Q: 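One structure follows; several queries about it will come next.
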Amino acid sequence: MNWLFQRRGLYTPSPFAQIFIYIILIFWTAVVLFPIYWVFTTSIKLPIDVNSGPKYVPWVDFQPNMHAWQKIIIDEGASTTFAPFLNTVIIGVLSAVIALAIGAAASYALVRFNYKPKLGLIGIFVGLMILSIVAVNLGAPIGIVIASAIVIFLLLVQTVGKRFKAHLGNEDIAFWLISQRMLPPVAIVVPIFIFFKTINLDDTRTALIITYVAANLPIVVWLMRDYFANIPIVLEESAQIDGASRLRTFWSIVLPIAIPGLVATFLFVLVFTWNEYLLALFLSTSRSQTLPILVVAQNTTRGPQWWNMSVLIMLMIVPVIGMAIGLERFISRGLLVGAVKS
Amino acid sequence: MASGETGINLVGEVQPAETFGDRVVHWLDKHASSVFVLPAMIIVLVMSIFPLIVSLYLSLTRVKIAAGGFDITFVGLVNFNKLIFGREQRHTIGKIGEPTTFGWVMFALVVLFLAWGVTRLIRKRTNMSFGAGLGATGLFIIIGLGVGYFLFNFYTIEGEPPEMGFLGMLAWGSFCAFVVMRVLVLIFNRFLPPTVKGVGPILGRLVAVTIALYFAWITVHTFTTLPNAEGNPTGIPGTIFITLYFVIFGVALQYLIGLGLALLLTGDLFGKRFFRITFLLPMMITPVGVAYMFRMVTNTSIGPLTPIFRNVFGVGGDYSWAAQAGSARVGVMLADVWQWTPFIFIVLIAALEGMAQDQREAALVDGATSWQFFRYITLPQILPVSTTIILIRLIEAFKIIDLPFVMTRGGPGTATEPMTLHAYQAFKASDFGGSAAVAYLLLFLATYVGLNFINNTRPLAEELS
């Protein structure tokens with residue numbers, strides 16, 4: 001009997017332990033997959049099958065029926081479903097692309113250049129920002145305030161700026177960019193809402209795209225910085241010796257090598273935007289509604305219509321599950337690299 | 001810029017004048033270092049830092065929607081006063097009730113734990129004499145109580161002294177005193193004698209301990225309370241403590257389950273990749289979808305678990321877990337655990353796979369038991385990653401809104417309403433100042449808990465490994 005409890009090899013547990021492990025793993029697989037299965041079956045049930053108690057297996061317990069899919073996609077598609085779907089796709093893709101372009105450039109620069117922003121100048125900048133907010137509140141016209149703040153800042157940079165000695169380094173800038181991820185969005189969303197309302201951009205895709213670019217930038221910097229740091233510098237040096245400019249090196253040497261990382265980060269950011277609820281809740285009311293908002297809005301006065309909701313949830317999660325399967329390797333690497341180094 | 005001129009190269013040939021596009025490229029290239037990093041910085045400044053400052057300002061104002069814009073009046077700390085000591089106190093902090101025996105036992109355990117922590121801390125700081133430690137503690141209690149007494153007696157909100165009790169006085173008083181002292185130390189650091197400099201960290205820990213005591217006291221007086229004549233609990237927890245409930249219990253469960261799964265999946269197993277991808281899925285699903293999924297699956301009359309609810313728990317039909325405060329909180333927390341366990345799982349499994357192999361092999365050859373193997377080989381190697389990943393999850397967990405919003409609408413009453421939802425409801429009621437104040441309280445709380453977590457677990461992790 002001893003063989004039952006004997007380790008089979010360095011990385012192979014004993015048969016008894018293996019059975020035990022499989023029981024737990026299969027249990028958790030059921031915990032993960034069953035809710036998804038239940039949503040799928042609910043989406044192909046008739047209302048009476050949903051309301052008359054649990055029916056588990058299609059064709060055995062109930063006859064599958066596509067009425068909810070037909071209602072959501074064909075009957076109501078043009079009027080309610082497609083617009084939020086399109087909004088989510090446009091907002092997601094555009095904000096991911098912009099965030100990736102800006103974030104990749106910044107993270108590359110933070111790996112390859114040396115920055116020494118002076119503490120004093122940062123202090124002056126923040127001070128001027130606070131002063132201008134106060135001035136605007138005291139009734140000064142916003143244009144004049146911004147213009148004079150910029151002029152004063154440039155003047156101070158040219159005059160007293162050279163005298164400051166204390167400065168920050170690349171790590172500080174990177175930490176500062178990444179730490180924005182830690183900020184609770186609710187702490188900044190009210191001013192953003194007021195800001196967009198003031199410039200008549202509230203409830204537009206543009207507003208959401210700009211906001212999501214800002215929200216996703218930290219993740220892009222976090223993931224891409226480690227990716228760029230692992231690209232050997234030799235390639236860039238030889239390109240520069242051959243006379244390639246900095247931009248040229250970045251564009252034709254570094255970016256092609258970094259494509260796998262860029263794709264992974266792009267998908268990662270896309271998933272975040274696809275699922276995001278809080279910012280969309282504050283910033284979109286009707287025209288720029290995204291899918292999560294539409295799903296929540298399904299809770300009608302007649303009680304939740306589970307079958308319709310299930311169809312919408314399936315529409316939301318199928319693309320993401322596809323991405324998860326493709327992304328699995330990247331995600332574990334990306335998350336770990338950040339976690340280990342910080 | 002020199003790039004604009006017609007150039008003569010080394011051989012002496014006259015080069016054609018550059019086009020406008022060339023000039024732009026040249027200029028960009030010359031300032032490459034700024035061009036690369038400035039867009040990101042400007043976006044973060046405009047969309048995060050600027051709103052953050054405005055938000056702080058808004059939290060000190062009353063905002064009214066006026067014709068064609070907003071009418072903003074500065075009102076000082078009124079919004080915060082209202083939330084912590086005033087009209088909204090029951091919403092934010094909770095309604096104090098009479099604790100049960102279980103509550104008192106939990107409180108005693110927390111006190112014992114904190115006392116153990118303080119003794120350890122003072123014993124470890126051997127460079128500080130016993131007298132200095134005692135003096136610092138005494139000074140701390142005197143100043144804390146003094147400021148607290150001042151707050152309690154001379155500081156009124158809407159004509160009434162704030163309601164806070166002895167521990168509250170000590171906690172709020174010492175916190176205010178600590179902030180003032182910290183600023184003074186920052187300014188006058190170079191003039192301080194060396195013996196006094198060591199007092200700073202001790203004072204910081206004492207404030208943290210007092211605040212933890214205060215929070216524990218409020219928790220047992222709001223979560224675990226005796227029922228009144230109608231059978232309803234007398235205490236009602238406020239949004240701060242509901243947020244902490246989700247954060248602490250949720251993240252603890254996520255870590256334990258994630259670690260367990262990761263440990264099970266490190267060996268050579270058939271179907272490893274399948275399990276890994278499956279376990280990853282919940283993290284990718286939109287939280288709104290997860291919330292509805294949970295409502296469907298845990299429905300007690302038409303959900304798939306109806307037989308279990310009926311036969312094991314003896315409930316069904318009209319019963320709904322979402323109608324009871326306790327079960328509603330557990331339900332929301334479990335949905336959060338379902339969704340975010342993968343995050344911890346996937347990082348831990350990558351860390352376990354990246355472990356140094358030689359130690360493992362040596363330990364196995366030497367015949368280490370499974371527990372010894374875990375305690376002395378695995379644990380030390382994953383502790384640093386664990387503290388980081390728990391910190392990330394802690395900070396993310398403070399932002400929870402989607403799940404309670406969809407699952408229970410924050411109800412029954414405010415039983416599942418976290419601070420983000422509180423802020424949203426203030427926003428919906430057009431109380432922008434109040435909303436910003438709640439958001440800033442959340443920011444303070446998250447930062448404070450995060451910092452304390454890091455300060456206290458990093459040394460512990462180093463000690464264990």
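Every value quoted in this text rests on a predicted model; they were computed, and no experiment measured them.
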Q: May I ask you to test the B/T420-A/P184 pair for a side-chain heavy-atom distance under 4.5 Å?
A: no
Q: Is B/L45 close to A/F125 at the side-chain level, that is, under 4.5 Å between some pair of heavy atoms?
A: yes
Q: Does any heavy atom of chain A fall under 4.5 Å from the side chain of B/L281, the backbone, both, or neither of them?
A: side chain
Q: Applying side chain to side chain contact (heavy atoms under 4.5 Å, CB included) to A/M129 and B/I49, what does each step give before you reach the verdict?
A: CA-CA 10 Å; A/M129 212 142 138; B/I49 303 299; 4.2 Å; yes
Q: With only heavy atoms counted, which part of B/S435 is less than 4.5 Å from chain A, the side chain, the backbone, both or neither?
A: side chain
Q: Is A/V271 close to chain B through its backbone or its side chain, or both, or neither, when contacts mean heavy atoms under 4.5 Å?
A: side chain
Q: In terms of heavy-atom proximity below 4.5 Å to chain A, should B/F294 be classed as side chain, backbone, both, or neither?
A: neither
Q: Could you go step by step and tell me if B/F36 and A/F250 meet the ring pair (Phe, Tyr, Trp, His ring centres under 6.0 Å) rule?
A: CA-CA 10 Å; B/F36 275 156; A/F250 179 64; 4.9 Å; yes
Q: Which one wins on heavy-atom pair count under 4.5 Å against chain B: A/V31, A/L177, A/I26, A/T41?
A: A/V31
Q: I want to check something: taking the side chain as every heavy atom from C-beta on, are A/T211 and B/M47 in contact at a cut-off of under 4.5 Å?
A: yes
Q: Considering only heavy atoms, which portion of B/F74 lies under 4.5 Å from any heavy atom of chain A: side chain, backbone, both, or neither?
A: neither
Q: Chain A heavy atoms under 4.5 Å from B/L58: which part of the residue, side chain, backbone, both or neither?
A: side chain
Q: A side-chain contact here means heavy atoms from C-beta on lying under 4.5 Å apart; do A/W28 and B/L264 qualify?
A: no
Q: Can you check whether A/L25 reaches B/L265 side chain to side chain, under 4.5 Å on heavy atoms?
A: yes
Q: Counting only heavy atoms closer than 4.5 Å, note whether B/Y424 contacts chain A via side chain, backbone, both or neither.
A: both
Q: Answer yes if the ring centres of B/F427 and A/F193 are under 6.0 angstrom apart, and no otherwise.
A: yes
Q: With only heavy atoms counted, which part of B/S59 is less than 4.5 Å from chain A, the side chain, the backbone, both or neither?
A: neither
Q: Can you tell which part of B/M41 gets under 4.5 Å to a heavy atom of chain A, answering side chain, backbone, both or neither?
A: both
Q: Side chain of B/S55, backbone of A/A187: donor and acceptor closer than 3.5 Å?
A: yes
Q: With a 4.5 angstrom heavy-atom cut-off, is it the side chain or the backbone of A/L247 that approaches chain B, or both, or neither?
A: both
Q: Would you mind checking which part of B/I401 comes under 4.5 Å of any heavy atom in chain A, side chain (CB onward), backbone (N, CA, C, O), both or neither?
A: side chain
Q: Are side-chain heavy atoms of A/T42 and B/M296 found at a separation under 4.5 Å?
A: yes
Q: Can you tell which part of A/F20 gets under 4.5 Å to a heavy atom of chain B, answering side chain, backbone, both or neither?
A: neither
Q: Counting N and O atoms only, with roles assigned by atom type, does the side chain of A/N275 sit under 3.5 Å from a partner on the main chain of B/M284, one being a donor and the other an acceptor?
A: yes
Q: For the residue pair B/F275 and A/Y22, does the interplanar ring angle fall in the parallel (under 30°), tilted (30 to 60°) or perpendicular (over 60°) class?
A: tilted
